[in-house]
Amino acid sequence: MTTATKITLFRVVMIPVFLVCMYLSEIWSWMQIVSCVVFAVASLSDILDGQIARRCNQVTDLGKFLDPLADKVLVIAAMAMFCEWGIYPAWALMIVLAREFAVTGLRLIAAGKGRVIAAGWSGKVKTAVTMTGLSFMLIFGRRFVFSEVLDWVVVAAITVTTLYSGIEYFVRNHDVFENTK
């Protein structure tokens with residue numbers, strides 16, 4: 001197993017740790033800081049594993065599968081928790097989920113035709129905006145007067161980048177659907 005894949009697996013293990021810390025933050029407010037640190041470390045591990053995989057020629061099929069899955073589960077876990085707390089609207093979470101399912105479906109159809117659809121620049125921007133925005137919500141959430149405004153700015157930024165990147169994937173790869181039966 002490559003170093004890059006081990007880092008990705010570390011991110012996967014951090015997801016339940018993050019969720020436990022989030023639940024405990026309802027009892028002990030200081031656990032929200034711990035939650036934020038866990039989320040930030042897990043998010044930053046995405047950059048690290050990608051750089052190591054490319055730089056050390058450790059790109060593997062397992063890594064190509066696990067890395068985006070770990071990213072999606074991490075951010076969806078945070079969004080679901082924020083939904084439970086009433087600070088992230090369910091409609092915005094549904095947009096994120098629908099985009100992820102749609103792009104995954106597009107990739108599956110393309111793979112069936114022997115074509116690989118790599119992550120686009122807009123998808124990377126979406127991931128960075130999402131992880132950064134959720135980190136801000138973790139840092140400032142519920143403690144500051146302006147946190148409600150910040151929450152809506154984050155939701156808007158995530159929604160816009162999610163929609164844009166999803167549309168871009170389909171526009172750039174529309175030919176995948178040609179001759180599909």
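Model, not experiment: these values are computed from the prediction. Any value given below was found using the heavy atoms of this structure, including those in side chains, with hydrogens, waters and symmetry copies removed.
Judged by distance alone, the side chain of S45 and the main-chain N or O of A42 form a donor-acceptor pair under 3.5 Å. Using modelled atom types, no side-chain atom of Q32 and backbone atom of S25 make a donor-acceptor pair closer than 3.5 Å. Counting only distance, with no hydrogens or angles, the side chain of T5 and the backbone of M1 share no donor-acceptor pair below 3.5 Å. A donor-acceptor contact shorter than 3.5 Å is absent between the side chain of T8 and the backbone of L66. In this structure, the side chain of K72 does not engage the main chain of E100 through any donor-acceptor pair within 3.5 Å.
R115 and N173 share a donor-acceptor pair across their side chains, judged by distance under 3.5 Å alone. When only modelled atom types and interatomic distance are considered, W121 and E168 share no side-chain donor-acceptor pair under 3.5 Å.
Residue R11 forms a side chain to side chain contact (heavy atoms under 4.5 Å, CB included) with just one option from L48, D71, L69, and that option is D71.
The minimum heavy-atom distance linking M81 with M22 is given by the pair CG-CE, 3.4 Å. The heavy-atom pair separating V129 from I158 by the smallest distance is CG1-N, 4.2 Å. Between S165 and G123 the shortest heavy-atom distance is CB-N, 3.9 Å. In this structure, W152 and P89 approach most closely via the heavy-atom pair CH2-CG, 3.9 Å. Taking each heavy atom of C83 and Y88 in turn, the nearest pair found is SG-O, 3.1 Å. Residues A80 and L93 approach most closely at CA-CD2, 4.2 Å, considering heavy atoms.
For the pair Y164/K126, no side-chain contact is recorded, criterion being any heavy-atom separation below 4.5 Å from C-beta on. Contact of the Y23 side chain with the E84 side chain is registered, since non-hydrogen atoms from C-beta on lie closer than 4.5 Å. For the pair W30/L24, no side-chain contact is recorded, criterion being any heavy-atom separation below 4.5 Å from C-beta on.
Atom CG of D175 has more than 12 neighbouring heavy atoms from other residues, nucleotides or ligands inside a 6.0 Å radius. Atom CZ of F65 sits in a sparse spot, with 12 or fewer heavy atoms from other residues, nucleotides or ligands closer than 6.0 Å.
Note that OG1 of T3 and CD1 of I52 are 6.0 Å apart. Values are rounded to the nearest 0.5 Å. The distance from the CG atom of L134 to the OG atom of S43 is 8.0 Å, given to the nearest 0.5 Å. L19 CG to S35 OG: the interatomic distance, rounded to the nearest 0.5 Å, is 9.0 Å. Atom CG of L150 and atom CZ of F140 lie 7.0 Å apart (nearest 0.5 Å). Atom OH of Y169 and atom CG of L106 lie 9.5 Å apart (nearest 0.5 Å). Of the inter-residue distances, the one linking W28 atom CH2 with I33 atom CD1 reads 16.0 Å to the nearest 0.5 angstrom.
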Check step by step if side chain to side chain donor-acceptor pair (under 3.5 Å) holds for T162 and T159. CA-CA 5 Å; T162 296; T159 302; over 6 Å; no
Working note: V73 + I76, criterion side-chain contact (heavy atoms from CB on, under 4.5 Å); need CA distance, chi angles, decisive distance, verdict. CA-CA 5 Å; V73 174; I76 289 169; 5.9 Å; no
M131 and L74: CA distance, side-chain angles, deciding distance, side-chain contact (heavy atoms from CB on, under 4.5 Å) verdict: CA-CA 9 Å; M131 289 182 170; L74 176 64; 4.2 Å; yes
side-chain contact (heavy atoms from CB on, under 4.5 Å), that's the test. Do F39 and M14 meet it? Break it down for me. CA-CA 8 Å; F39 185 84; M14 295 302 290; over 6 Å; no
Go through K6 and T2 one step at a time and tell me if the side-chain contact (heavy atoms from CB on, under 4.5 Å) criterion holds. CA-CA 6 Å; K6 289 177 184 173; T2 67; over 6 Å; no
